[in-house]
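To keep things clear, I will list the structure first and then write my remarks on it.
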Amino acid sequence: MSKTVNATSFDKEALRKKYAAERDKRIRADGNDQYIEIKDQWGHYLEDPYIKVQEREPVSDHVTVAFIGGGFSGLVTGARCVENGIVDVRIIEKGGDFGGTWYWNRYPGAMCDTAAMIYMPLLEETGHRPTKKYAFAPEILQQCRRIGETYDLYNQALFHTEVTDLSWDDEQRVWRIQTNRGDDFTAQFVGMGTGPLHVPKLPGIPGIESFQGHSFHTSRWDYDYTGGSPDGLPLTKLKNKRVAIIGTGATSVQCVPALAESAETLFVFQRTPSSVDVRANEDIDPDWFDGIASEGWQMRWIENFTANQTGHPAEMDLVKDGWTDISRRVRSKISELSAEELTAENMMRAYEDADMEKMQEIRARCNSVVENQATAEDLKAWYGQLCKRPCFHDEYLQAYNQPGCHLIDTDGQGVERITESGLVVAGKEYEVDCIIYASGFEVGTPFERRNGYETTGRDGVKLSDYWSNGMRTLHGIHVHGFPNLFIVQATQGGNLISNYPHNLTESGNTIGMMVRHALDMQFREIEVSLEAENAWLELLKQAPPMMIGTTECTPGYYNNEGKGWEAGLTGGGYPYGPVAYFKYLNEWRDSGEFEGLEFRS
Ligand code: NDP
């Protein structure tokens, strides 16, 4: 465990200055434009290395529910529809199977970062017990397949299929869906769950096109080249190879240990270090699990985590991990304030104290784990813990103690140049056989670019136009002018990032019930009224400033590469927090009134 540090034992002002200096060093005018969009000459980086595309006839029929995206969103919504007796559900997925992010991300060492008991959807419904506190990717992918099989979602699914157009047909009052496989069919209801991180990007490093060795993106891992398997077999084909990995985000943190173990030489090119706290993964004891798995266990665990993580009173902390530790510390600091001291300013200060203490501990961990103290210094993250995705790992820092593993720190500037045979940093060339891009995914680019299709609603209004001044929804799910369309994601709803599937499950429950209600009452359309949408947006304005995504943070996708998000409503959530939101949403749908929605026959 890392050593406990007290806020009074360091100079807060000096730390603030250090954070600001490290951020300033990394700010770039080009923001998201520094990255290469993967298309045309780069298109091969998107090819599916896992499952061969199968020929099939295009479909041209009608279904009750179509869902775009076969990851957690599509699976939980599809499952809830089936539970509500709506079995005519077609999921359209660009991968070759269900799984979404877990279909694509099969890099060695991939595992969930939030405890499996609460992260893996529908465990209770499918009867699966996670094998570890943090399950590895193959187990999560298998759970996705299990959901697909349990709810018979494979039957109508279209894999290796990308939607190219989605339009509301005002006359027929159905959605028309066209795809890159020639499909042209209709659906009464459409769900969209395309996820925030599904379009890989490449760093726009000068000379990147000239590299003559092998290269791939982490979300399309080339096991033919590396050897090994997602199940953890060593990457034996790398034993005579010099490998570079670019990026040190959450993905790199998970795959560097396997690379360091197998490659002859590994160069890890770092622009900004991640904060890497203790993981403490452990096996789940079947007897213990049997003892806790009484009816409703998973929802109890999920709600307990959300309460703990978002500062709500909870008698116990069932998950007990790095995420709940963050908020436990903040709560404890705030509890030291007297009633008179409980001002917004003091609460922010308490938050900052807790955060700085935590980050001091995480930085000290670098010195205690990494033998080479210069490397340890370079691995220290100089920013607040929620400025970037917090990481937890028990082998990442240790990997730098392997003789063949070298951290190439670029002092915030990134790789200078790529040549035919290697990478250049500070004028020095590192020759390699292979470059692995752990350079992340498009987040701040336009929604329709990332989805690859436009959504056209009533009267030919395009979603991109309707949202041109910011996202507009009720609950993050419904959009006025887009009847029978449901969006499954967290923004403008629960906005809970620490356990994203909690948001998705709640949306899935809601959609299943709404569609059932519409079918029972023979309503053909469900649409949010403009008044209800406006009222929701007004309510969201009351939300306190977000702790995530501020421009005071070092740049990254959380804060739109340092530029921040447009003022207004883009990234916020329910003002009273996720616990209150999920309670509100439950009551809203259980009332059967679905206030704010218009149902039309
Ligand atoms: P990130 O966007 O977090 O990381 C990209 C990395 O590439 C950063 O370290 C970035 O540096 C670096 N980079 C970009 N350009 C250059 C350059 N020119 N030179 C050198 N380095 C460069 O992507 P990830 O795939 O790591 O993670 C994305 C998200 O996916 C995570 O934040 C998390 O939400 C999710 N994820 C979840 C996991 C889980 O739950 N198990 C596991 C893995 C990922 P810089 O920081 O300076 O921009």
Side-chain angles (χ1 to χ4, degrees), residues 22-23 25-28 30-36 72 100-102 104-116 118-120 134-137 139-140 195-208 217-221 244-256 267-276 279 281 322-323 379 381-383 386-393 396 407-418 423-425 435-444 490 497-501 548 553-562:
E22 291 290 331
R23 175 204 57 210
K25 205 192 267 182
R26 291 170 170 84
I27 291 285
R28 313 169 40 134
D30 52 1
N32 281 308
D33 292 340
Q34 69 180 284
Y35 290 102
I36 295 174
F72 283 2
T101 198
W102 296 103
W104 295 112
N105 288 286
R106 302 185 191 199
Y107 56 82
M111 64 164 80
C112 54
D113 261 345
T114 305
I118 56 164
Y119 178 80
M120 288 169 75
Y134 301 92
F136 282 97
E139 182 173 338
I140 305 172
L197 295 158
H198 66 108
V199 180
K201 63 186 189 207
L202 294 173
I205 299 169
I208 182 172
H217 188 274
T218 46
S219 68
R220 305 287 189 275
W221 194 271
I245 182 163
I246 299 184
T248 48
T251 299
S252 183
V253 164
Q254 293 190 341
C255 63
V256 156
F267 296 113
V268 183
F269 288 88
Q270 171 179 275
R271 192 166 66 179
T272 310
S274 280
S275 70
V276 187
R279 154 107 304 161
N281 202 3
W323 289 104
L379 284 164
W382 296 104
Y383 46 78
L386 296 182
C387 277
K388 278 191 179 285
R389 166 70 180 235
C391 296
F392 309 93
H393 214 285
Y396 175 71
L407 181 72
I408 311 299
D409 183 56
T410 65
D411 196 24
Q413 302 310 298
V415 173
E416 200 172 296
R417 204 154 36 88
I418 294 183
L423 305 92
V424 180
V425 170
I435 301 179
I436 300 172
Y437 293 105
S439 43
F441 302 86
E442 291 195 17
V443 175
I497 62 138
S498 52
N499 187 22
Y500 207 76
I548 286 181
C553 279
T554 190
Y557 79 85
Y558 273 21
N559 67 357
N560 199 20
E561 299 303 332

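Given the structure is predicted, the values throughout are model-derived calculations rather than measurements. Each ligand, and each atom within it, is numbered from 1 in the order the structure gives.
- No more than 12 heavy atoms of other residues, nucleotides or ligands lie within 6.0 Å of CZ in Arg417, so this atom counts as exposed by the packing criterion.
- Residues Tyr107 and His217 keep their aromatic ring centres 6.0 Å or farther apart.
- Using a 3.5 Å distance cut-off with no hydrogens or angles, the side chains of Arg26 and Thr272 do pair a donor with an acceptor.
- Cation-pi check for Arg389 over Tyr558 is not met; the charged atom does not lie both under 6.0 angstrom from the ring centroid and within 45 degrees of its normal.
- A heavy-atom cutoff of 4.0 Å around ligand 1 is satisfied by the protein residues Tyr35, Trp102, Tyr107, Met111, Cys112, Asp113, Leu197, Pro203, Ile205, Ile246, Gly247, Thr248, Gly249, Ala250, Thr251, Gln254, Arg271, Thr272, Lys388, Arg389, Gly414, Val415, Ala438, Ser439, Gly440, Phe441, Tyr557.
- Taking the charged nitrogens against the carboxylate oxygens, Arg279 and Asp113 do have a contact shorter than 4.0 Å, which makes a salt bridge.
- In summary, the aromatic rings of Tyr119 and Phe72 are positioned with their centroids under 6.0 Å apart.
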